[in-house]
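Not measured: the values here are computed from a predicted model.
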Amino acid sequence: MAYSLQIVVDALQPHELADWWAETMGWEVEPSDEAFIRSMVEQGFATVDQTMRHLGVLVWKDGQAITAGPNEGSGQPRILFQSGAREKAGKNRIHWDVRLGGDDKAAVREKLEARGATFLWEASQGPHAWFTMADPEGNEFCIS
């Protein structure tokens with residue numbers, strides 16, 4: 001049996017970071033089911049303090065997920081950004097590589113930096129070359 005994959009990232013601002021990554025990847029932020037959230041609060045399964053408004057939409061306060069989109073299939077990867085109380089410290093033990101599919105690395109690097117990413121270093125191995133970057137909260141990733 002094959003399993004699906006969800007990557008979870010602790011974030012100081014999970015909704016903002018989910019928005020940033022959705023735009024970076026060309027993915028979508030999972031839509032919020034406001035009626036469901038309200039019903040959970042009304043039934044006592046959640047509290048108003050566990051919710052917030054983000055870009056005018058009622059959402060769960062502690063997390064936001066992104067996917068490649070609703071038509072990509074149920075086994076598609078999902079990245080969940082959840083509230084974390086501390087800033088990132090030290091090097092990531094895991095990171096992801098964003099494969100650019102032929103887009104110019106330097107141009108993508110420039111766009112990402114304009115949106116709050118930080119260039120860390122350039123590396124190569126044989127014919128493969130990549131830039132290591134950090135997202136607005138300091139999480140490392142590579143573009144190649």
Side-chain angles (χ1 to χ4, degrees), residues 1-41 46-144:
M1 170 186 226
Y3 298 111
S4 61
L5 176 67
Q6 171 173 278
I7 298 168
V8 180
V9 179
D10 288 347
L12 296 173
Q13 302 291 325
H15 295 277
E16 289 81 358
L17 200 56
D19 292 342
W20 191 90
W21 273 105
E23 183 177 340
T24 295
M25 297 294 294
W27 288 15
E28 296 179 4
V29 172
E30 286 186 347
S32 179
D33 185 342
E34 293 185 75
F36 175 75
I37 294 171
R38 280 193 291 278
S39 75
M40 291 294 99
V41 171
T47 65
V48 172
D49 291 344
Q50 293 173 309
T51 70
M52 62 178 267
R53 291 216 164 263
H54 178 68
L55 302 176
V57 176
L58 183 65
V59 296
W60 293 113
K61 184 177 185 177
D62 286 336
Q64 181 63 62
I66 66 172
T67 64
N71 298 324
E72 298 298 322
S74 61
Q76 69 175 322
R78 180 178 194 253
I79 303 174
L80 173 64
F81 299 89
Q82 70 180 12
S83 292
R86 288 190 255 162
E87 290 187 23
K88 181 186 160 300
K91 185 179 182 325
N92 292 8
R93 294 283 316 266
I94 188 170
H95 73 271
W96 53 85
D97 293 340
V98 179
R99 295 181 174 184
L100 302 177
D103 286 352
D104 179 77
K105 272 195 321 277
V108 172
R109 171 187 162 183
E110 192 173 296
K111 288 178 188 175
L112 292 172
E113 288 176 315
R115 294 182 40 242
T118 303
F119 171 74
L120 299 176
W121 64 82
E122 181 175 5
S124 65
Q125 184 175 34
H128 304 288
W130 60 91
F131 293 148
T132 300
M133 311 281 297
D135 72 16
E137 289 199 10
N139 301 299
E140 292 118 7
F141 64 99
C142 296
I143 57 174
S144 63

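Ion pairing between Glu34 and Arg53 holds under the 4.0 Å rule for side-chain N and carboxylate O. Ion pairing between Glu30 and Arg78 holds under the 4.0 Å rule for side-chain N and carboxylate O.
Annotation: Ile94, atom CD1; neighbour count of heavy atoms from other residues, nucleotides and ligands within 6.0 Å does not exceed 12. Heavy atoms of other residues, nucleotides or ligands lying less than 6.0 angstrom from NZ of Lys61 number 12 at most. Within 6.0 Å of atom CD in Gln6, more than 12 heavy atoms from other residues, nucleotides or ligands are found, so the atom counts as buried in its surroundings.
Without hydrogens or angle criteria, Gln82 side chain to Asp10 main chain gives no donor-acceptor distance under 3.5 Å. Checking side-chain atoms of Glu137 against main-chain N and O of Gln13 turns up a donor-acceptor pair under 3.5 Å.
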Trace of the side-chain hydrogen bond (donor to acceptor under 3.5 Å, both in side chains) decision for Thr51 with Arg38: CA-CA 9 Å; Thr51 70; Arg38 280 193 291 278; over 6 Å; no
Show the numbers, then the answer: is there a side-chain contact (heavy atoms from CB on, under 4.5 Å) between Val59 and Met52? CA-CA 6 Å; Val59 296; Met52 62 178 267; 3.6 Å; yes
Should Met133 and Glu113 be marked as a side-chain contact (heavy atoms from CB on, under 4.5 Å) after you check the CA-CA gap, both sets of side-chain angles, and the distance that decides it? CA-CA 9 Å; Met133 311 281 297; Glu113 288 176 315; 4.1 Å; yes
Audit row: Gln64, Val29, side-chain contact (heavy atoms from CB on, under 4.5 Å) steps and yes/no: CA-CA 7 Å; Gln64 181 63 62; Val29 172; 3.1 Å; yes
May I have the step-by-step check of side-chain contact (heavy atoms from CB on, under 4.5 Å) for His15 and Leu17, ending in yes or no? CA-CA 5 Å; His15 295 277; Leu17 200 56; over 6 Å; no
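In this structure, the side chain to side chain contact (heavy atoms under 4.5 Å, CB included) partners of Asp49, at least two apart in sequence or on a different chain, are Thr47. Evaluation of the ring pair (Phe, Tyr, Trp, His ring centres under 6.0 Å) rule for Phe36 yields no partner, not counting sequence neighbours. In terms of the side chain to side chain contact (heavy atoms under 4.5 Å, CB included) criterion, residue partners of Ala123 (sequence neighbours excluded) are, by chain and number, Trp121, Trp130.
Here CG of Leu112 is found 5.0 Å from CH2 of Trp20. Values are rounded to the nearest 0.5 Å. Note that the CD atom of Glu23 and the CD1 atom of Ile66 stand 11.0 Å from one another [nearest 0.5 Å]. Atoms SG and CG, from Cys142 and Asp97 in turn, are 4.5 Å apart once rounded to the nearest 0.5 Å. Taking CD1 of Ile79 as the start and CH2 of Trp27 as the end, the distance is 4.5 Å to the nearest 0.5 Å.
Residues Trp96 and Val9 form a side-chain contact, since some pair of their non-hydrogen atoms from C-beta on lies under 4.5 Å apart. Proximity of Glu16 to His54: side-chain heavy atoms (C-beta onward) are separated by under 4.5 Å at one or more points. For the pair Leu55/Asp19, a side-chain contact is recorded, criterion being any heavy-atom separation below 4.5 Å from C-beta on. The side-chain heavy atoms of Glu140 and Leu120, taken from C-beta on, include a pair separated by under 4.5 Å. Looking at heavy atoms from C-beta onward, Lys105 lies in side-chain contact with Leu100 at the 4.5 angstrom threshold.
A side-chain contact (heavy atoms from CB on, under 4.5 Å) with Leu58 holds for exactly one of Asp33, Val41, Ile37; it is Ile37.
Taking the ring centroids of Phe141 and Trp21, they lie under the 6.0 Å cut-off.
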